[in-house]
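Beneath this line is the structure, given in structure tokens, with notes to follow.
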Amino acid sequence: MTDEFGMVEPQEGEAFGDEWEEIDVSDDEADRIARRKDRDFDEFRMRLKDADQFKVEQSVFDDATFAAIYKLVQDGHIDAFGGPISTGKEANVFEALGGDDTDVAVKIYRINASDFRHMRDYLEGDPRFENIGHDKGQVVRAWVRKEFANLQRAQRAGVRVPKPIAVQRNVLVMELVGVVDDRARRLSEVRVENPQTAYEVVREYMRRLHRAGLVHGDLSEYNLIIHDGELVVIDLGQAVTVHHPNAEEFLRRDCRNVANFFRRQGADADGDSLYEFVTADEDDEDE
């Protein structure tokens, strides 16, 4: 392999097992701030509602969403908002200035607009959410906390993902890969110059993710981005544990999608071979 798509290294620490961190989806400080509605929060909420980038969201961002942003500002994770990076069906992503003058991405899920049933398909069967209720707000909060936890686990396993920074209710702060004026491109938007090397990096990331106990569940050229010669895996909200009842089905679909894309780009790639590579035991390293 060349240095063109160099891989990150796994973080030092204990190997992964079947352990799963408990994820609390109960009311948090943002919910309590929204209920109190003290003067400082009310002033902050009105300033944010008057900001150009948030005016169109007044009908879908509830008070607790503004309270979540308020708490993240108080905690030093957000200093100032920039413009929108993307607007999806379920979430908006904004550029922001974070701590230490770093650029961050703020992903805000819209409680009322999120696909409740789609989210439940990926939450049910996850050991971290065995007792998840049917309240839509709770499901969305669980989804966001799952995305944060998945990013943390992927990063520790040596998978290049946006660095997770903070989470509060339905708002996720993470590393901004690229900037608005020079945004990272999805692989679907570019012609990969060295498809075989890029494919080998992606398949290794898929194997590392699997050995860390996770399956992306929606991996394709639309959830892989490239910036400054670096491949980054994004959108891990739907990633499931290997114990999920549909984990194998999701992984085989990921393998087909990834292999099909890179084969069209000119790489020697096959979905079944990729599946065997990703699921191979550590003692049986297939290249």
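Put simply, the side chain of E95 never gets that close to the backbone of I85: no donor and acceptor are under 3.5 Å apart. With hydrogens and angles disregarded, a donor-acceptor distance shorter than 3.5 Å links the side chain of N223 to the backbone of D218. Formation of a donor-acceptor pair under 3.5 Å by the N170 side chain with backbone atoms of Y109 is found in this model. Within the 3.5 Å criterion, the main-chain N or O of L231 finds no donor-acceptor partner in the side chain of R160. Looking at K107, its side chain never comes within 3.5 Å of a backbone N or O of V93 through a donor-acceptor pair. At least one donor-acceptor pair under 3.5 Å links the side chain of R211 to the backbone N or O of A280. Panel note: side chain K163, backbone Q155; no donor-acceptor pair is recorded below 3.5 Å.
Not a single ring-ring contact (aromatic ring centres under 6.0 Å, His included) links F261 to another residue, sequence neighbours left out. Legend: residues meeting ring-ring contact (aromatic ring centres under 6.0 Å, His included) with F262, ordered by chain and number and at least two apart, are Y199. Taking H244 as the reference, F250 meet the ring-ring contact (aromatic ring centres under 6.0 Å, His included) condition, with sequence neighbours excluded. Partners of T102 under the side chain to side chain contact (heavy atoms under 4.5 Å, CB included) rule, at least two apart in sequence or in another chain, are D100, V104. Under the salt bridge (Lys or Arg N to Asp or Glu O under 4.0 Å) criterion, R264 pairs with E221, not counting sequence neighbours. Partners of R45 according to the salt bridge (Lys or Arg N to Asp or Glu O under 4.0 Å) rule, which considers only residues two or more places apart in sequence or in another chain, are D42, D63.
No hydrogens or angles considered: nothing links the side chains of R153 and N150 as a donor-acceptor pair under 3.5 Å.
Taking a cutoff of 4.0 Å between a charged side-chain nitrogen and a carboxylate oxygen, E204 and R207 qualify as a salt bridge. Under 4.0 Å is where a charged nitrogen must lie from a carboxylate oxygen, and between R252 and E248 at least one such pair does.
L151 is listed as a side-chain neighbour of L172, based on a closest heavy-atom distance under 4.5 Å. Side-chain contact between R169 and V144 is absent, with no heavy-atom pair separated by less than 4.5 Å. Proximity of F44 to I69: side-chain heavy atoms (C-beta onward) are separated by under 4.5 Å at one or more points. A heavy-atom distance below 4.5 Å is found between the side chains of D103 and L97. Side-chain contact check for V201 versus Y205: some heavy-atom pair is nearer than 4.5 Å. Annotation: side chain of H216 is not in contact with side chain of M206 (no heavy-atom distance under 4.5 Å).
A pairwise comparison of heavy atoms in A198 and V192 identifies CB-CG1, 3.8 Å as the closest pair. Across A269 and A259, no two heavy atoms sit closer than the pair CB-O, 3.6 Å. The minimum heavy-atom distance between E175 and V161, with the atom names listed, is OE1-O, 3.9 Å. The two atoms that bring D254 and L219 nearest to each other are OD1-N, 2.9 Å, heavy atoms only. Taking both residues in full, the closest heavy atoms of R208 and G158 are given as NH1-O, 2.8 Å, listed atom of the first, atom of the second, then distance. For the residue pair D79 and G98, the shortest heavy atom distance occurs at OD2-O, 3.2 Å.
In this structure, CG on L187 lies 12.5 Å from CZ on R185, to the nearest 0.5 angstrom. Here the CG atom belonging to N257 is positioned 5.5 Å from the OG atom belonging to S220, to the nearest 0.5 angstrom. Of the inter-residue distances, the one linking L251 atom CG with R256 atom CZ reads 10.0 Å to the nearest 0.5 angstrom. Atom CG of L274 sits about 9.0 Å away from atom OG1 of T279, to the nearest 0.5 Å. A distance of 10.0 Å separates NE2 of H243 from CG of L214, quoted to the nearest 0.5 Å. We find the CG-CD distance between N194 and Q265 to be 11.0 Å, quoted to the nearest 0.5 Å.
Relative to the ring axis of Y222, R186 does not place its NZ or CZ within 45° and under 6.0 Å from the centre.
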Residues E249, R253; criterion salt bridge (Lys or Arg N to Asp or Glu O under 4.0 Å); working and verdict: CA-CA 6 Å; E249 175 190 344; R253 183 178 64 193; 5.2 Å; no
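Following chains of ILVMFWY side-chain contacts shorter than 4.5 Å, one can reach V242 starting from V278, so the two form part of one hydrophobic cluster.
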